[in-house]
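Read through the structure below, which is laid out as structure tokens, and then see the notes.
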Amino acid sequence: NFIMNNYLGVGVEADIALKFHLAREGNPEKFNSRLHNKGVYLKMSISKMIQRGGDDVVKDLSKAMVLDVDHERIKIPSGVGGIIFLNIKSWMAGCDGWGPDRDDKFKAPSMNDGLIEVIGVQGVMHLGQI
């Protein structure tokens, strides 16, 4: 029996989350308010967005990983820089990857349906728009 209560990011979102985590672990006294934490996260995201060269994160996961869902190979679109696997409706302090308009082809996400949703993002700008 497998229970997952959160989400897992790969790529750009995971890179920013790791940098935030390490900064918070190194100086926990500086991370004492949610507003401040969001500001630090925003600063790290902007820095990531304008960073040139030397970036150790793959910008196009379609060239770096394979995604198999229920034994079926799923083509990762070119330019996807992050993939989030989740079984909750939102992540990153309330980001809703589905928004108010849902395609009737898919049912609304639920942590009780036994499914893990997969979201691809193109980068920091795309994450910021969610």
Side-chain angles (χ1 to χ4, degrees):
N1 197 11
F2 176 75
I3 297 174
M4 179 177 161
N5 294 329
N6 214 321
Y7 67 94
L8 168 73
V10 177
V12 66
E13 188 273 340
D15 184 53
I16 296 167
L18 176 61
K19 287 179 175 143
F20 177 84
H21 171 73
L22 294 174
R24 185 171 51 186
E25 290 264 310
N27 296 293
E29 68 282 355
K30 292 183 179 180
F31 294 81
N32 56 10
S33 86
R34 188 171 184 172
L35 181 62
H36 174 76
N37 292 357
K38 285 187 176 216
V40 172
Y41 213 95
L42 175 65
K43 182 179 175 184
M44 289 178 170
S45 298
I46 290 170
S47 173
K48 182 86 180 151
M49 192 169 54
I50 61 175
Q51 189 176 28
R52 303 270 186 235
D55 193 359
D56 56 349
V57 173
V58 176
K59 291 187 178 19
D60 188 352
L61 291 178
S62 69
K63 297 175 182 169
M65 69 180 280
V66 173
L67 179 62
D68 284 328
V69 177
D70 294 331
H71 307 291
E72 181 181 335
R73 176 81 32 103
I74 304 297
K75 183 181 183 321
I76 300 171
S78 179
V80 168
I83 296 178
I84 298 104
F85 302 89
L86 64 163
N87 76 334
I88 53 179
K89 184 174 174 3
S90 63
W91 79 102
M92 282 191 345
C95 289
D96 180 357
W98 292 266
D101 299 321
R102 289 188 180 81
D103 187 333
D104 289 336
K105 182 175 160 185
F106 301 103
K107 60 183 181 170
S110 167
M111 61 183 178
N112 298 321
D113 61 8
L115 301 174
I116 295 177
E117 280 73 33
V118 181
I119 297 176
V121 294
Q122 294 177 329
V124 176
M125 284 290 285
H126 190 192
L127 276 171
Q129 294 171 351
I130 296 177

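Residue numbers start at 1 and run along the sequence shown. Just so you know, these numbers use all the heavy atoms, side chains as well, and skip hydrogens, waters and symmetry mates.
- Of the possible donor and acceptor atoms, one in the side chain of Asp60 sits under 3.5 Å from a partner among the backbone N and O of Gly79.
- For Asp113 (side chain) and Leu115 (main-chain N/O), a donor-acceptor pair under 3.5 Å exists by modelled atom type.
- Side-chain contact between Glu29 and Asn27 is present, with heavy atoms from C-beta onward closer than 4.5 Å.
- No single ILVMFWY cluster, assembled from side-chain heavy atoms under 4.5 Å apart, contains both Leu18 and Leu61.
- Among all heavy-atom pairs drawn from Asn32 and Asn37, the shortest one is N-OD1, 4.2 Å.
- Atoms NE2 and CZ, on His36 and Phe31 in that order, are 5.0 Å from each other to the nearest 0.5 Å.
- Here the NE2 atom belonging to His21 is positioned 15.5 Å from the CD1 atom belonging to Ile16, to the nearest 0.5 angstrom.
- Two residues are said to be in side-chain contact when any heavy atoms from C-beta on lie closer than 4.5 Å; Tyr7 and Asn87 fail this criterion.
- A side-chain donor-acceptor contact under 3.5 Å links Ser45 to the backbone of Tyr41.
- Side-chain atoms of Ile83 and Ile119, non-hydrogen and from C-beta on, never get closer than 4.5 Å to each other.
- Note that CD of Glu13 is 5.0 Å distant from CD1 of Ile84, once rounded to the nearest 0.5 Å.
- Lys19 and Met44 make their closest contact through O-CE, 3.6 Å (heavy atoms, listed as atom of the first residue, atom of the second, distance).
- The shortest side-chain heavy-atom distance between Arg73 and Leu67 does not fall under the 4.5 Å cut-off.
- When all heavy atoms are compared, the tightest approach of Val69 to Ile74 is CG2-CG1, 3.7 Å.
- For Ser62 against Ser78, the heavy-atom pair with the smallest separation is OG-CA, 3.7 Å.
- The shortest side-chain heavy-atom distance between Val121 and Val12 falls under the 4.5 Å cut-off.
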